[in-house]
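Nothing fancy with the numbering, it's 1 onward along the sequence. Values below: every heavy atom of this structure, side chains too, minus hydrogens, waters and symmetry copies. Atoms within each ligand, like the ligands themselves, are counted from 1 in listed order.
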Amino acid sequence: MLIRLDKYLADMGVGTRSEVKSYIRKGLVLVDDLVVKKPEQKIDSDKQVVVCKGSRVAYEAFEYWMLNKPAGVVSATEDLRDRTVLDLLKGYGRKDLFPVGRLDKDTEGLLLLTNDGGLAHELLSPKKHVDKVYFARIDGVVSLEDVESFARGVVIDEEFTALPASLRILEVDREQGVSEIEVTIHEGKFHQVKRMFEAVGKKVVYLKRLSMGCLELDESLSLGEFRRLTDREIEALKAGSYNQPMQ
Ligand code: URA
């Protein structure tokens, strides 16, 4: 791909467009071992080697990051009031990353960030039914009746009946009246898990996403930490067999 040298460097997070222009004009940037002083010079990002201030800068058109989202940040690229998931990645990654779908402000766990609009579209497409697995703590005693209701498809309101979902009871404390569950849903409507429990008379008090399709939360990431997806994870997502566990 042919791309301007200043855009190449700015896309890769070397600096702002004006910062990288100044590096280029000062002779701090080499292309194939030769100093290039014109920010507008076109570079072949697949073939040429770019070095800025002594470090190689490889070009990646798409980036894929996994974030263990903490509560208190919003799944948006910018927000006037709240910190966003993009603020957490500040200084890392491309400027055009966006979250693939939304987790509520108080939900934790797996969030994929990318600038690959095609993949995001596939993963979010209602037709693809990409599985999303959540762990939740529930105020209420979750029963086998609830498991059956979820399996049939919970009626949320006149306009929306959830697709059949698989509900697994992990623990029930009858004295305290609380439960821990895992639920797998195949769509991603607004507040979906919370609304499904509300519909059976219970309240989600803690929610964490564990997986999205074949992509699982890396439990070694603490809340607020992030890492690039591995090549294997990217390949599995792109292969389109979203709900198959990774080999
Ligand atoms: N369902 C919800 O209710 N909230 C989320 O953040 C994700 C799924």
- Message: I want to know whether Y134 and Y206 have ring centres closer than 6.0 Å.
- Response: no

- Region of L207 engaging ligand 1 - heavy atom pairs below 4.0 Å: side chain

- Going by distance alone, is a donor N or O of one side chain under 3.5 Å from an acceptor N or O of the other, for D32 and Q48? yes

- Query: Closest approach of V130 and G213, non-hydrogen atoms and distance?
  - Reply: CG1-N, 3.5 Å

- Message: Looking at D106 and K194, is there a salt bridge between them, counting it only when a charged N and a carboxylate O are closer than 4.0 Å?
- Response: yes

- Under 30°, 30 to 60°, or over 60°: which ring-plane class applies to Y92 and W65, parallel, tilted or perpendicular? perpendicular

- Task: Quick one: look up the protein heavy atom nearest atom 4 (N) of ligand 1 and list residue, atom name and how far away it is.
- Result: D104 OD2, 2.7 Å

- Shortest protein contact, atom 1 (N) of ligand 1 (heavy atom only): V193 N, 3.1 Å

- Message: To the nearest 0.5 Å, what is the distance between CE on M66 and CZ on R227?
- Response: 4.0 Å

- Query: Would one find an N or O of R102, backbone or side chain, under 3.5 Å from an N or O of ligand 1?
  - Reply: no

- Query: Contact between F190 and ligand 1, counting heavy atoms under 4.0 Å?
  - Reply: no

Hey, which atoms in ligand 1 end up nearer than 4.0 Å to a heavy atom of [X]?
X	result
H191	1 (N), 2 (C), 3 (O)
Y134	7 (C), 8 (C)
T107	4 (N), 5 (C), 6 (O)

